[in-house]
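Atoms within each ligand, like the ligands themselves, are counted from 1 in listed order.
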Amino acid sequence: MKRFSERILAVAAAALAAFSLTSCGNGTSGSGSASSAGGDSANKDKPVCWFNRQPSNSVTGELDVNALNFNDKTYYVGVDAEQGAELQGTMILDYIKAHESDIDRNGDGIVGYVLAIGDVGHNDSISRTRGVRKALGTAVEQNGEIDSAPVGTNTDGSAADVTDGTVDSLTIREIASTEMKNAAGATWDAATAGTSISNWASSFGDQIDLVISNNDGMGMAMFTAWSKDNHVPTFGYDANSDAVAAIAEGYTGTISQHADVQAYLTLRVLRNALDGADMDNGIGKADEAGNVLSSDVYRYSADERSYYALNEAVTVDNYQNFTDSSRVYDAASHQLDDNAHPTKRVWLDIYNAQDNFLSYTYLPLLQNYDDLLNLDVEYIAGDGQTEANTTNRLSDPSAYDAFAFNMVKTDNAASYTSLLSRD
Ligand code: BGC
Ligand code: CA
């Protein structure tokens, strides 16, 4: 039972919410919810969360500081790309070491791997390519950074963007890598990866000893098309449910980027900003419902205004703990009180409806958390090709209280912020 003062407060909060709904009068065109429909803030002052694609220069990787500081309620939520990349590289290296006697399928002394690259301009993809090359000794440095360019084909070891590595008596060679972009321009494209592995296998089949991918969407396409039947170890990233299930059938390993934590943070930073609450509420310290994250699943960089989820390797040893990728993080699954945290409207886009990670892992998680956090979220799915496909569907930003943006290209933050700066 609530104490009297708390009840007064709750009643007052509810009255205030009702007032802002009627006073500003920009209704939500029949959503039927009791949401506040934009409140009375100017669009440029509303909370913004960039997620999964960090505003940054797709060539240099330099962060887009303007976009990250669009207003004082702007944040980024994503994965700690480097920690995850290092983990993926180490997982693959450990596998090679443990299988030195049988990994070289054609006995030529070379462990040949093929690499599916997601998006040459996406910092998660760049980090993962670098992490694999670094761990396997195939990295070449340029201006102090590991070259992350695709090699195309490199069966003879002559490519300039990589070098041969060694693990004990074995040579490690990146025999092929390419960006998996389809004809229409969509990146991280699983279907393209499925076609590529079939082409690679018919050109140099038994030289391929390992299949490596920047994500599970592409990794699973290659596993299904070729490596499963040919018993060639295959590694991905994301720990999507289908990939975790495939570990029982020979998919060798993946990385959990803690989508359960990222999806929570994506909506939680908006909730806190909307409530005018301490930003650490329900994140580093427990909120009144008991929601809190443990410090080993995320880190916050105040300089970058970015929350980064930490990664975990998933292999045959522990995959049973990761079978349901849409399961919410236990300690952040408590319902917020709807008097203290009245329903607010959020516009959120996913850059590409076909992206396995975002559509089949991240989106179901968001949908689980939105109810818990009393957020009425409008989910928009893009075509993965043009920013306009999603931005065109944000014709009336004043109908929303907060925004979460997932860009097609990390350079394009202004396509979104310009919509909020008009009033
Ligand atoms: C995921 C990929 C996904 C990409 C989309 C990455 O973090 O690992 O699977 O395609 O985000 O931006
Ligand atoms: Ca070989």
Side-chain angles (χ1 to χ4, degrees), residues 50-56 58 76-85 87-88 96 99-114 116-129 131 155 157 164 167 169-175 179-182 186-190 192-193 204-210 213-221 230 232-233 235-240 242-243 254-259 262-263 266 308-309 311 314 325 349-363 381-382 384 405-410 412:
W50 306 102
F51 69 98
N52 174 262
R53 298 188 153 209
Q54 192 171 28
S56 53
S58 63
Y76 169 73
V77 170
V79 62
D80 184 328
E82 297 203 349
Q83 182 255 347
L87 210 55
Q88 190 190 28
I96 297 176
H99 294 84
E100 268 188 64
S101 59
D102 59 1
I103 194 164
D104 178 9
R105 298 201 305 140
N106 64 356
D108 64 353
I110 299 171
V111 175
Y113 72 88
V114 296
I117 293 177
D119 174 347
V120 293
H122 185 304
N123 39 11
D124 291 353
S125 180
I126 292 170
S127 296
R128 291 171 204 169
T129 298
T155 40
D164 283 349
V167 171
S169 61
L170 293 168
T171 295
I172 315 293
R173 179 172 298 165
E174 183 168 312
I175 57 175
E179 183 187 39
M180 299 302 175
K181 188 171 181 168
N182 72 12
T187 53
W188 302 88
D189 189 56
T192 305
F204 37 83
D206 68 355
Q207 295 177 60
I208 307 172
D209 299 310
L210 271 179
S213 175
N214 284 171
N215 81 354
D216 280 338
M218 302 182 295
M220 281 297 290
N230 290 278
V232 175
F235 294 88
Y237 199 109
D238 289 341
N240 294 334
D242 63 332
T254 182
I255 302 288
S256 161
Q257 57 167 297
H258 266 296
Q262 289 182 57
T266 302
Y308 299 106
N311 301 267
V314 182
S325 62
D349 81 286
I350 283 176
Y351 85 104
N352 183 0
Q354 307 301 319
D355 188 286
N356 299 57
F357 171 64
L358 289 166
S359 293
Y360 304 120
T361 295
Y362 215 98
L363 178 61
F405 297 131
N406 180 220
M407 295 172 280
V408 172
K409 264 196 100 192
T410 61
N412 289 343

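Within ligand 1, the atoms closer than 4.0 Å to a non-hydrogen atom of R53 are 5 (C), 12 (O), numbered from 1 in the order shown. Those atoms of ligand 1 with a heavy atom of N215 less than 4.0 angstrom away are 2 (C), 9 (O), 10 (O).
Residues F357 and N52 have side chains in contact (heavy-atom distance under 4.5 Å, counting atoms from C-beta outward). Annotation: side chain of V167 is not in contact with side chain of V111 (no heavy-atom distance under 4.5 Å).
At a heavy-atom distance under 4.0 Å, no atom of M180 approaches ligand 1.
Under the 3.5 Å distance criterion, the side-chain polar atoms of N240 are left unmatched by any main-chain donor or acceptor of D242. Of the possible donor and acceptor atoms, one in the side chain of T129 sits under 3.5 Å from a partner among the backbone N and O of S125. Remark: side-chain polar atoms of R105 are paired, donor with acceptor, to backbone N or O of G205 under 3.5 angstrom. Although no hydrogens or angles enter the test, the distance criterion places a donor-acceptor pair under 3.5 Å between the side chain of N215 and the main chain of M218.
The atom of D104 nearest to the Ca ion (ligand 2) is OD1, with the search restricted to N, O or S atoms. Take the N/O/S atoms of D209: the one nearest the Ca ion (ligand 2) is OD2.
With the Ca ion (ligand 2) as the vertex, atom O of I110 and atom OD1 of D108 span an angle of 80° (nearest 10 degrees).
The nearest protein atom to atom 4 (C) of ligand 1, hydrogens excluded, is given as W188 CE2, 3.7 Å; this is a heavy-atom distance. Here the heavy atom of the protein found nearest to atom 9 (O) of ligand 1 is D238 OD2, 2.5 Å. Of the protein's non-hydrogen atoms, N52 OD1, 2.5 Å is the one closest to atom 12 (O) of ligand 1. Looking only at heavy atoms of the protein, atom 3 (C) of ligand 1 is closest to D355 OD2, 3.4 Å.
By the 3.5 Å distance cut-off applied to N or O atoms, N406 is not counted among the residues near ligand 1. Looking at H122 next to ligand 1, an N or O pair under 3.5 Å apart turns up. For ligand 1, the polar-atom distance check against D124 finds a nitrogen or oxygen pair separated by under 3.5 Å.
No more than 12 heavy atoms of other residues, nucleotides or ligands lie within 6.0 Å of CD in E82, so this atom counts as exposed by the packing criterion. For CZ of F204, the number of neighbouring non-hydrogen atoms (other residues, nucleotides, ligands) closer than 6.0 Å is greater than 12.
Checked by atom type, the side-chain pair Y362/Q257 shows no donor-acceptor distance below 3.5 Å.
At least one N, O or S atom of N106 sits under 3.0 Å from the Ca ion (ligand 2).
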